[in-house]
Protein chains: 2
Amino acid sequence: MATFDEAGVFDLRECADRPPLRVGDKWSGAVLRCLEDGPHRFTALKARLRGVNAKVLTETLRAMERDRWLTRTDHGGNPPHVEYALTGTGRSLIGVLDTACAWAREHQAN
Amino acid sequence: MATFDEAGVFDLRECADRPPLRVGDKWSGAVLRCLEDGPHRFTALKARLRGVNAKVLTETLRAMERDRWLTRTDHGGNPPHVEYALTGTGRSLIGVLDTACAWAREHQAN
DNA sequence: CAGTATCCTAGGAGATACTG
DNA sequence: CAGTATCTCCTAGGATACTG
């Protein structure tokens with residue numbers, strides 16, 4: 001817990017009162033970053049996020065869609081063509097991410 | 001994942017480059033809040049953090065101490081008297097927490 | 001008071017294989 | 001291409017009991 005190593009999670013449970021914010025899964029932050037420069041397709045995301053497998057990426061994307069951080073647009077056809085794009089909410093979250101990242105850079109001893 | 005419910009965790013894995021920030025355990029954020037107004041003893045913390053058990057609180061505190069977010073001062077004697085206090089680093093983290101909390105308040109639909 | 005010591009469980013996450 | 005379906009593993013975190 002509370003380390004600066006491998007896994008990066010930031011706990012906001014006690015922010016103000018209930019219900020608190022959760023962006024705590026392993027890949028949401030990375031997805032936010034990947035979509036920062038515009039919409040991307042499933043496979044493109046999977047490629048940029050080195051290490052995710054389809055199942056986990058799907059779960060992450062579905063959750064983010066449900067929370068209105070991104071939209072999923074199925075352009076139909078075969079082979080399929082699906083695009084993911086940030087919403088305004090999703091985009092605004094990146095600012096929070098940046099704040100925290102700045103803090104990390106500043107306070108990371110090594 | 002990526003919800004606004006019960007559990008509050010904020011993923012910073014992809015912040016800048018490696019190694020990323022981790023404040024992601026369940027109680028660190030709450031401990032930060034509890035110590036905001038000054039040092040507290042183990043039992044006092046445990047009481048304010050409704051729901052932690054001693055084992056988990058100890059783990060959390062040890063990790064935060066290792067990361068220099070707080071200090072542990074054993075005043076000795078019997079019964080024991082141990083105090084936990086935020087460091088400057090720990091205190092500065094609260095600002096980040098606040099940023100994220102403000103975001104949550106602003107974007108929480110319900 | 002301030003912890004250890006044990007045991008146990010839920011679920012996040014990965015590997016692998018398959019499909020419309 | 002964009003996913004499902006399974007199975008398995010790991011560990012954060014909780015319950016309970018005990019101690020210097």
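Fair warning: this is a prediction, and the values are worked out from it, not measured in the lab. Residue numbers start from 1 in every chain, and the chains themselves are labelled A, B, ... in the order their sequence lines are given, proteins ahead of strands. Note that these values count all heavy atoms, side chains included, but never hydrogens, waters or copies made by symmetry.
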Participant: Can you tell me if the side-chain N/O atoms of B:T58 get under 4.0 Å from OP1 or OP2 in C:dG3?
Facilitator: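 Checking B:T58 against C:dG3: no side-chain N or O falls below 4.0 Å of OP1 or OP2.
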Participant: Would you say the side-chain atoms of A:R72 pair up with the backbone N or O of A:V82, donor to acceptor, closer than 3.5 Å?
Facilitator: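 Judged by distance alone, no pair lies under 3.5 Å.
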Participant: When you measure from the side chain of B:A54, which nucleotide among D:dC1, D:dG3, C:dT4 comes out closest?
Facilitator: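 For B:A54, the side-chain atoms sit closest to C:dT4.
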Participant: Output the single nucleotide from C:dA15, C:dA2, D:dA2 whose closest atom is nearest the side chain of B:R41.
Facilitator: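 Of all the options, the side chain of B:R41 is nearest to C:dA2.
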Participant: Between B:Y84 and A:N78, name the one whose nearest nucleotide on DNA chain C is closer to the 5' end.
Facilitator: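 It is B:Y84 whose nearest nucleotide is closer to the 5' end.
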Participant: Does A:R62 have a side-chain nitrogen or oxygen under 4.0 Å from the phosphate oxygens OP1 or OP2 of D:dT4?
Facilitator: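 The answer is yes; a side-chain N or O of A:R62 sits under 4.0 Å from OP1 or OP2.
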Participant: Whole angstroms only, please: what is the NZ-C1' distance between A:K26 and C:dG12?
Facilitator: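 My rounded result for the distance is 9 Å.
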Participant: Whole angstroms only, please: what is the CD-P distance between B:E59 and C:dA2?
Facilitator: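 Taking CD of B:E59 and P of C:dA2, I get 18 Å after rounding.
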Participant: Under a 3.5 Å limit for both distances, which nucleotide forms a Watson-Crick or G-U wobble pair with D:dA5, could you say?
Facilitator: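 Pairing partner, where one exists within any strand: C:dT16.
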Participant: Quick check: are there more than 12 heavy atoms from other residues, nucleotides or ligands sitting under 6.0 Å from CZ of B:R68?
Facilitator: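 At most 12 heavy atoms, drawn from other residues, nucleotides or ligands, come within 6.0 Å of this atom.
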Participant: Between A:P79 and A:G51, who's closer to the 5' end of DNA chain C by nearest nucleotide?
Facilitator: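 The residue closer to the strand's 5' end, by nearest nucleotide, is A:G51.
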Participant: Using the side-chain heavy atoms of B:F42, tell me which of these nucleotides is nearest: D:dA2, C:dA2, C:dT16.
Facilitator: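 In terms of side-chain proximity for B:F42, the closest of D:dA2, C:dA2, C:dT16 is C:dA2.
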Participant: Would you say A:R50 reaches C:dG14's phosphate, i.e. side-chain N/O to OP1/OP2 under 4.0 Å?
Facilitator: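 Answer no for this pair, as no side-chain N or O of A:R50 is under 4.0 Å from OP1 or OP2.
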Participant: Rounded at 0.5 Å granularity, tell me how far OG1 in A:T60 sits from CD in A:E65.
Facilitator: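 Here the interatomic distance stands at 12.5 Å.
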Participant: Mind checking if B:K46 touches a base, just sugar-phosphate, or nothing, with heavy atoms under 4.0 Å?
Facilitator: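 Nothing: the residue B:K46, judged by heavy atoms under 4.0 Å, touches no strand.
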Participant: What's the closest nucleotide to the side chain of A:K55 if the choices are D:dC1, D:dA5, C:dG3?
Facilitator: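 Of D:dC1, D:dA5, C:dG3, D:dA5 is nearest to the side chain of A:K55.
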Participant: Send over the distance from B:L61 CG to C:dA2 C1', rounded to a whole Å.
Facilitator: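 So the two atoms are 11 Å apart, to the nearest Å.
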Participant: Take atom NE2 of B:H81 and atom P of C:dG3, then tell me their distance rounded to the nearest Å.
Facilitator: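 About 11 Å, once rounded to whole Å.
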Participant: If I take atom CD in residue B:E83 and atom C1' in nucleotide C:dA2, what distance separates them, rounded to the nearest angstrom?
Facilitator: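 Rounded to whole Å, this separation is 13 Å.
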Participant: Just say parallel, tilted or perpendicular for the rings of A:Y84 and A:F42, cut-offs at 30° and 60°.
Facilitator: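 The rings of A:Y84 and A:F42 sit tilted, inter-plane angle from 30° to 60°.
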Participant: Report yes or no: do A:S92 and B:W103 form a side-chain donor-acceptor pair below 3.5 Å?
Facilitator: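 Yes - a donor-acceptor pair under 3.5 Å links their side chains.
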Participant: What's the CG-C1' distance between A:L57 and C:dA13, to the nearest Å?
Facilitator: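 From A:L57 CG to C:dA13 C1': 13 Å.
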Participant: Please report, rounded to the nearest Å, how far the C1' atom of D:dA17 is from the CG atom of B:N53.
Facilitator: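 For the pair B:N53 CG and D:dA17 C1', the rounded distance is 12 Å.
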